[in-house]
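Here is the structure we will look at.
Start at 1 and go down the list; that is how both ligands and their atoms are numbered. Remember, it's a predicted structure, so these values are computed and weren't measured experimentally.
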Amino acid sequence: MRFQDKIVVITGGGNGMGKAAAERFSSEGAIVVLADWQIKDAEEVAASLPKDRAWPYKIDVSDPDAVKKMMDDIAAKYGKIDVLVNNAGILIPGKIMDASIEDWKKISSVNIDGVIYCAKFAMPYLVKSKGCIVNTASVSGLGGDWGMVYYCTTKGAVVNFTRALALDSGVNGVRVNSVCPCLVKTKMAANWPESAQAQFKNRVSLGRIPEAEEIASVMAFLASDDARFITGVNLPVDGGATASDGQPHLG
Ligand code: NAD
């Protein structure tokens, strides 16, 4: 019960890794806020958790005024914020000559702006609670992928935001880390054809695509007191994918 009565705000808490994180933190005693623009999904997750220990909150993280109001509302309701899991994100694939300016505005507004707004407006409360942030970056922020130039750019921004924010926040006792998953079985990855999934497995030393719960357990570790001397780290949760130098898997 590492998070007994901690207030844990999880963006994108209605699906995928955010949902798995909600279940994990809740199972360790937390009160979770499921901050998602798909409010029905967030409500469903909340209904599956212990009564009065989960609050579904409709939010578009790319709206700074709404994010500020949300953090203030949460602090007003519970008196504090202990952990921000900055996880909401979208994927728009494409090469630069195909993907539009509108695509860039949309993906950057969620994956970069949203992450910054949530951190900025949660920070005053995290300073008070000596809390922490776990961002969901990606292995796509540690290196490039073919045909995903905007996505990789946004996740690269989250990776360096994690480092720079950690430097500034240590003096206040606030830790900032990220998880960097490879392909995970969520809605975001649901449309990948079987042949593509096989290619992913081939690049992962552990030879399989992880479940969302296997990322959520690492988020919980990074947010817990067990990780109290870890900050500024972008931790791959990728079954060994980034252990490779990038050459083909022949052996
Ligand atoms: P998902 O689509 O299953 O869930 C994402 C959730 O975020 C959804 O509930 C969605 O409604 C919410 N969301 C999206 N935009 C939002 C916004 N503007 N405001 C509020 N909520 C919003 O996806 P997932 O795979 O669980 O993704 C979670 C995070 O993990 C994302 O940041 C994603 O980039 C990252 N990631 C995913 C993979 C993967 O293979 N699935 C790999 C690495 C990193």
Among [options], which one puts a heavy atom closest to [atom]?
atom: atom 3 (O) of ligand 1; options: N15, V115, N111; answer: N15
atom: atom 31 (C) of ligand 1; options: N87, T136, D63, V61; answer: N87
atom: atom 9 (O) of ligand 1; options: D36, I107, V237; answer: D36
atom: atom 38 (C) of ligand 1; options: K58, M17, K187, K185; answer: M17
atom: atom 41 (N) of ligand 1; options: I39, D238, T186, I10; answer: T186

Under 3.5 Å between some N or O of ligand 1 and some N or O of [X]?
X: V184; value: yes
X: Y151; value: yes
X: D41; value: no

Which residue and non-hydrogen atom of the protein lie closest to [atom], and at what distance in Å?
atom: atom 18 (N) of ligand 1; value: D60 OD1, 2.9 Å
atom: atom 21 (N) of ligand 1; value: W37 N, 3.3 Å
atom: atom 5 (C) of ligand 1; value: G89 O, 4.1 Å
atom: atom 23 (O) of ligand 1; value: M188 CB, 3.6 Å
atom: atom 42 (C) of ligand 1; value: C182 O, 3.2 Å
atom: atom 20 (C) of ligand 1; value: I59 O, 3.1 Å

Give, for atom [atom1] of [X] and atom [atom2] of [Y], the distance between the pair rounded to the nearest 0.5 Å.
X: L165; Y: I133; atom1: CG; atom2: CD1; result: 5.0 Å
X: K155; Y: L142; atom1: NZ; atom2: CG; result: 11.0 Å
X: I92; Y: E102; atom1: CD1; atom2: CD; result: 10.0 Å

Hey, is S140 one of the residues with a heavy atom under 4.0 angstrom from ligand 1?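 Contact absent.
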May I ask whether T11 has any heavy atom positioned less than 4.0 angstrom from an atom of ligand 1? no
Please work out whether the ring planes of Y117 and F121 are parallel, tilted or perpendicular, with thresholds of 30° and 60°.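 It falls in the tilted class, 30° to 60°.
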Can you name the atoms of ligand 1, numbered from 1 with element, that are less than 4.0 Å from a heavy atom of [X]?
X: L183; result: 40 (O)
X: G12; result: 6 (C), 7 (O), 12 (C)
X: Q38; result: 11 (O)

Structural part of [X] in contact with ligand 1, heavy atom criterion under 4.0 angstrom:
X: K155; answer: side chain
X: A137; answer: backbone
X: I90; answer: side chain

Can S62 and D113 be counted as having a side-chain donor-acceptor contact under 3.5 angstrom?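 Their side chains do not contain a donor-acceptor pair, so the 3.5 Å distance test is not met.
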